[in-house]
K.L.:
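Input: one structure, supplied below.
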2 protein chains.
Amino acid sequence: MSRSSLDWLPQSLREGAQPRTLAAGDPVFHTGDKVYGIIEVVSGRLHMVRHTIEGRAVVIQSSRAGELFAEAALFSDVYHCDGVAAEASDVIVFDRVPILAALRADPDLAEQFMARQARQVQRLRTRLEQRNIRSARERLMQYLLLAAEGDGRTIPLEGTLKDLAAELGLTHEVLYRTLAQLEKEGGIKRTPTAIFLVPGNAV
Amino acid sequence: MSRSSLDWLPQSLREGAQPRTLAAGDPVFHTGDKVYGIIEVVSGRLHMVRHTIEGRAVVIQSSRAGELFAEAALFSDVYHCDGVAAEASDVIVFDRVPILAALRADPDLAEQFMARQARQVQRLRTRLEQRNIRSARERLMQYLLLAAEGDGRTIPLEGTLKDLAAELGLTHEVLYRTLAQLEKEGGIKRTPTAIFLVPGNAV
DNA sequence: CGAGTGATTGACTTAGATCAATGACCGTGG
DNA sequence: CCACGGTCATTGATCTAAGTCAATCACTCG
């Protein structure tokens with residue numbers, strides 16, 4: 001569904017853009033930096049991170065190959081989060097000014113951009129909703145149900161389980177335990193790269 | 001800052017719009033309904049609600065006088081949440097089609113709309129970040145610091161404390177206790193309509 | 001072959017959820 | 001005008017699930 005999701009960016013923009021190669025952990029911007037543009041992820045994975053008062057790092061957004069990163073920053077002066085490469089990644093940097101100009105000039109482009117932002121908002125709302133589920137088990141199940149691919153049973157694992165724990169707002173230990181328990185009870189099956197829901201074992 | 005935030009909607013759109021008066025609890029749309037348009041809140045307060053598997057209601061967005069409600073739905077076919085009036089409210093309903101047409105026709109309007117959506121995204125991210133703070137006390141403090149008005153000390157209370165508890169993802173009991181404790185320790189002062197931070201008593 | 005990290009499991013603690021009860025404060029209808 | 005049902009605010013007692021600390025094993029990367 002979002003495989004080649006950037007086809008809509010006009011060729012003229014792609015030409016002025018700059019490719020960069022990042023190693024895992026490389027920063028792409030810091031909180032407070034002036035916004036220079038937005039980033040397309042060609043391969044790998046970028047994370048948007050904030051730090052709580054207690055120093056805990058929070059992954060706020062994760063963009064994978066074919067997705068944009070930090071779109072919302074287009075309309076800000078400075079970044080409000082840190083951006084880092086979660087793994088070795090190739091990206092393309094689009095300068096801010098030409099993008100904004102293109103959005104003004106091309107209503108189709110603008111509409112698509114708005115539609116993406118709207119989806120982004122809805123996804124964030126969904127995540128927020130998830131967080132209102134207190135039970136680790138139910139939270140995880142809710143996530144798995146929503147994250148299941150077309151067949152409704154397969155959840156491919158991008159990144160590590162630790163990342164998943166962070167996204168769910170759980171400690172990794174609790175996630176491991178809950179997964180182990182669900183597996184023992186037959187609700188899910190696991191491989192290193194995916195989780196499978198076993199139909200008929202919901203709750 | 002967001003007092004008269006809807007001035008940017010062109011007069012032509014306002015003319016075709018329909019006013020409605022809502023009593024507390026009145027629904028404005030249900031999950032799965034076809035999207036008919038977006039809503040401006042003239043007075044009162046609208047809530048976007050979802051229901052978790054366990055039947056708990058989650059307030060996902062709250063729009064107050066002068067704000068738009070369910071903008072993100074413009075680009076969807078059906079609503080993904082329930083919309084209800086949190087209190088007696090006056091609203092104006094803008095039909096979907098003319099809004100979309102106006103956004104295509106007017107680059108300024110489109111740009112402003114995109115900027116709003118971007119802010120929306122950032123606000124949601126901030127809320128998500130808040131949820132990663134586990135301690136009720138720190139979560140509350142973080143909220144108060146961010147929600148403080150210009151003077152950096154006053155947090156006006158819209159709605160009930162129960163609503164605030166829901167927004168923070170805490171039970172109301174815990175919120176009451178935490179507020180009581182903070183007050184006892186001198187970190188905050190309270191009136192029925194506002195909370196005041198006492199400088200020099202952070203953390 | 002270490003150093004670093006992820007995955008996993010055990011033991012223990014605690015903060016927040018839950019259950020429960022009370023008083024204040026509506027608004028409303030008789 | 002007042003009694004009554006409803007909700008909010010508040011506080012106490014108790015419980016439990018998630019967090020925390022800790023140890024082990026398997027990998028991978030240089």
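Quick note on labels: first sequence line is chain A, next is B, and so on, each numbered from 1.
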K.L.:
Given A/V91, which partner from the list A/V28, A/V42, A/L46 fulfils the side chain to side chain contact (heavy atoms under 4.5 Å, CB included) test?
P.N.:
A/L46
K.L.:
In whole Å, I'd like the distance from the CG atom of B/L161 to the P atom of C/dA24.
P.N.:
18 Å
K.L.:
Looking at B/R64 and B/E158, does any basic side-chain N land under 4.0 Å from a carboxylate oxygen?
P.N.:
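B/E158 and B/R64: salt-bridged.
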K.L.:
Find the distance B/L179:CG to D/dA9:P and express it as a whole number of Å.
P.N.:
10 Å
K.L.:
Tell me: CD of A/Q181 to P of D/dA17, nearest whole Å?
P.N.:
10 Å
K.L.:
Can you classify the ring geometry of B/Y79 versus B/F29 as parallel (below 30°), tilted (30 to 60°) or perpendicular (above 60°)?
P.N.:
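Plane angle under 30°, so parallel.
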K.L.:
Quick test of your reading of the model: are B/R45 and B/D163 salt-bridged, counting only N-O distances below 4.0 Å?
P.N.:
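A salt bridge is present here (some side-chain N lies under 4.0 Å from a carboxylate O).
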K.L.:
Taking atom types as modelled and ignoring hydrogens, do the side chains of B/Q122 and A/S76 form a donor-acceptor contact shorter than 3.5 angstrom?
P.N.:
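B/Q122 vs A/S76: donor-acceptor pair found between side chains.
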K.L.:
Considering only NZ, NE, NH1 and NH2 on the basic side and carboxylate oxygens on the acidic side, decide whether B/R131 and B/E167 come within less than 4.0 Å.
P.N.:
no
K.L.:
Report, one line per pair, each donor and acceptor closer than 3.5 Å where one atom sits in a side chain of residues 147-156 of chain A; sequence neighbours left out.
P.N.:
from	atom 1	to	atom 2	distance (Å)
A/D151	OD1	A/R153	N	2.9
A/D151	OD1	A/T154	N	3.1
A/D151	OD2	A/T154	OG1	2.7

K.L.:
How many Å lie between CG on A/L175 and C1' on D/dA17, as a whole number?
P.N.:
15 Å
K.L.:
Protein within reach of the bases, or only the backbone? For nucleotides 21-30 of chain D, mark each nucleotide 5' to 3' as B, S or -, using heavy atoms under 4.0 Å.
P.N.:
B---------
K.L.:
Any salt bridge linking A/R137 with A/E185? Criterion: basic side-chain nitrogen under 4.0 Å from a carboxylate oxygen.
P.N.:
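Looking at A/E185 together with A/R137, the answer is yes, because their closest N to O distance falls below 4.0 Å.
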K.L.:
Once you round it to whole Å, what is the distance between C1' of C/dT5 and CD of A/E87?
P.N.:
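These atoms are roughly 15 Å apart.
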K.L.:
Expressed in angstrom and rounded to an integer, what is the separation of B/R139 atom CZ from D/dG19 atom P?
P.N.:
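One finds 11 Å between P of D/dG19 and CZ of B/R139, rounded.
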K.L.:
Report the distance from atom CZ of A/R190 to atom P of C/dA7, rounded to the nearest whole Å.
P.N.:
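So the two atoms are 9 Å apart, to the nearest Å.
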K.L.:
When you compare the protein's N or O atoms with those of nucleotides 13-16 of chain C, which come within less than 3.5 Å of each other, and at what distance?
P.N.:
from	atom 1	to	atom 2	distance (Å)
C/dG16	OP1	B/R134	O	3.3
C/dG16	OP1	B/A136	N	2.4

K.L.:
Just how far, in rounded Å, is P of C/dT9 from NZ of A/K184?
P.N.:
10 Å
